Asker: 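The structure that follows is given in the form of structure tokens.
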Amino acid sequence: MNDDLSESGFDLAQVDRLLTTTRAVRKRLDFSREVTDELLFECIDLAEQAPTGGNDASRRWLIIRDQSLKDQLGVLYAEVGTLFLKARGRLDGTGHPKEHIVSSSAYLVENFSKAPALVICAIWGIHDNSGRPGLFDSAIPSAWSFNLALRSRGLGTAYATMLNEKPSEVAELLGIPDGVTTLVCFPVAHTIGHDFSPAVRRPASNIAYFDQWGFTREQPSIDGSSRIADGPGVVAEIDTDARPKAVWEVVSDINMPALFSEEFVGADWITEGEVGVGSKFKGKNSIRGVREWETECIVTRWIEKQEFEWRITDQDNPGAIWRFELAEQGPGTRLRFSMVIGKENNGTAPRAQEDPSKEDEVLFQRRLIHKANMQRVVEGVKSLVDDEINADQ
Ligand SMILES: Cc1cc2nc3c(=O)[nH]c(=O)nc-3n(C[C@H](O)[C@H](O)[C@H](O)COP(=O)(O)O)c2cc1C
């Protein structure tokens, strides 16, 4: 067998390149080059291979070529997109993490009607919130396949949904009957160059949970069960209404978890002075009065308003790694509290490894306890910071 081919015969390098580099293209759309109907038919035929609820053939594709119609859609798109133009004014040159996407989205707002073809993916049906599959569920898989098909043929687009805020205007302009929902209007063009890069995304080990919500694995397991060797972990997340600054003030206090956790009792700084990477503190723990222990903790990441990580006992062979991460989420903050159980220097690893047939179960039970405590902590942080906002109002 050719080493470059997968078991199913695909050239994985090419497939992976397609899957990882199909980007939202806006500034690199080539408005000067025509896109043939032939190419569009080819891409729609490929997209139609996507699954559809009940195997209903109810998707429809509307291709707008007429310049006056494109101009009118462009005006509607811009009415919704003014927020991007305003945001660009605020963010340009600031280095803000959203500066690039806002500038790119604003460019599309200004140039939407220049695309050689605007392609609307629509479906027969109105969303009735019934929970039954059929509408968005059947259109979205094919819309994404359409993106992939375009990319494979040197074309590009952005998954533009802002016209969804103007459904009746779009329907009237294009003669769309009642009972049809339009989901996305792709500005399609050849791309300027083909060298797109993979995006930075969270790795699977961060966001794939095994058997219980929030149970992570640093490494893939050899047989599907959890092992100490694979770095089993726990994540608890919560969205707060507060800005990262307010959340940081709470999570950067090493005594805060003791307010909410049933296991963590309190902490004292060992090192003096300003806190940063390398600072040490002693953490005191207790399980319902049965067992009490202390751990020496070392700060291994300290990025104000973003990240606070500490390791237990030994920086290189930690008993556990604990981490708070803060990310802006709309006007508020998503707080992520995570931990990974270490291979040694803790009580869990020897207990789990005593009997390999019970390793998975021991880790499951221990993580249920961690999860409950961590959940209490993130809920506690939320109540502290959100109460403060409410008190200010
Ligand atoms: C549901 C959905 C709606 C989107 N709506 C728009 C839109 O109205 N306008 C736009 O320019 N991009 C839109 N996008 C594209 C995203 O902004 C884009 O995927 C994001 O910037 C990440 O870029 P990447 O896909 O290149 O990684 C949308 C994407 C999705 C999945």
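Hydrogens, waters and symmetry mates play no part in the numbers below; they use all other heavy atoms, side chains included. Order of listing sets the numbers, starting from 1, for every ligand and every atom in it. Keep in mind that what you see is a predicted model, and the values were worked out from it rather than measured. Here, residue 1 is the first one in the sequence, and each next residue gets the next number.
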Asker: Who are the salt bridge (Lys or Arg N to Asp or Glu O under 4.0 Å) partners of Arg351, not counting sequence neighbours?
Answerer: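 Testing Arg351 for salt bridge (Lys or Arg N to Asp or Glu O under 4.0 Å), a comparison that skips the adjacent residues, returns none.
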Asker: With a 3.5 Å distance limit and no angle check, can you tell me whether Asp230 reaches the backbone of Pro232 through a side-chain donor-acceptor pair?
Answerer: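 Checking the backbone N and O of Pro232 against the side chain of Asp230, no donor-acceptor pair under 3.5 Å is found.
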Asker: Take atom NE2 of His96 as the centre, draw a 6.0 Å sphere, and report whether it contains more than 12 heavy atoms from other residues, nucleotides or ligands.
Answerer: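 Buried by this count: over 12 neighbours within 6.0 Å.
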Asker: Pairs of nitrogen or oxygen atoms, one from ligand 1 and one from the protein, closer than 3.5 Å: please tabulate them with distances.
Answerer:
from, atom 1, to, atom 2, distance (Å)
ligand 1, 5 (N), Tyr159, O, 2.9
ligand 1, 5 (N), Thr161, OG1, 2.8
ligand 1, 8 (O), Thr161, N, 2.9
ligand 1, 8 (O), Thr161, OG1, 3.4
ligand 1, 8 (O), Met162, N, 3.2
ligand 1, 9 (N), Tyr77, OH, 2.9
ligand 1, 11 (O), Arg26, NE, 2.7
ligand 1, 11 (O), Arg26, NH2, 3.3
ligand 1, 12 (N), Arg26, NH2, 3.0
ligand 1, 14 (N), Tyr159, O, 3.0
ligand 1, 17 (O), Arg26, NH2, 3.0
ligand 1, 26 (O), Arg23, NE, 2.8
ligand 1, 26 (O), Ala24, N, 2.8
ligand 1, 27 (O), Arg23, NE, 3.2
ligand 1, 27 (O), Arg23, NH2, 3.0
ligand 1, 27 (O), Arg201, NH2, 2.9

Asker: Would you say the side chain of Lys305 lies within less than 4.5 Å of the side chain of Arg243, judging by non-hydrogen atoms?
Answerer: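 They are not in contact (no side-chain heavy atoms under 4.5 Å apart), so the answer is no.
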Asker: Under the side chain to side chain donor-acceptor pair (under 3.5 Å) definition, can you give me all pairs with a residue in residues 375-387, not counting sequence neighbours?
Answerer: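 Every side chain to side chain donor-acceptor pair (under 3.5 Å) pair that includes a residue of residues 375-387, provided the two are not neighbours, is Asn373-Arg376, Gln375-Glu379, Lys382-Asp386.
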Asker: Could you list the residues that satisfy salt bridge (Lys or Arg N to Asp or Glu O under 4.0 Å) with Glu99, not counting sequence neighbours?
Answerer: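 With sequence neighbours excluded, Glu99 shows a salt bridge (Lys or Arg N to Asp or Glu O under 4.0 Å) to no residue whatsoever.
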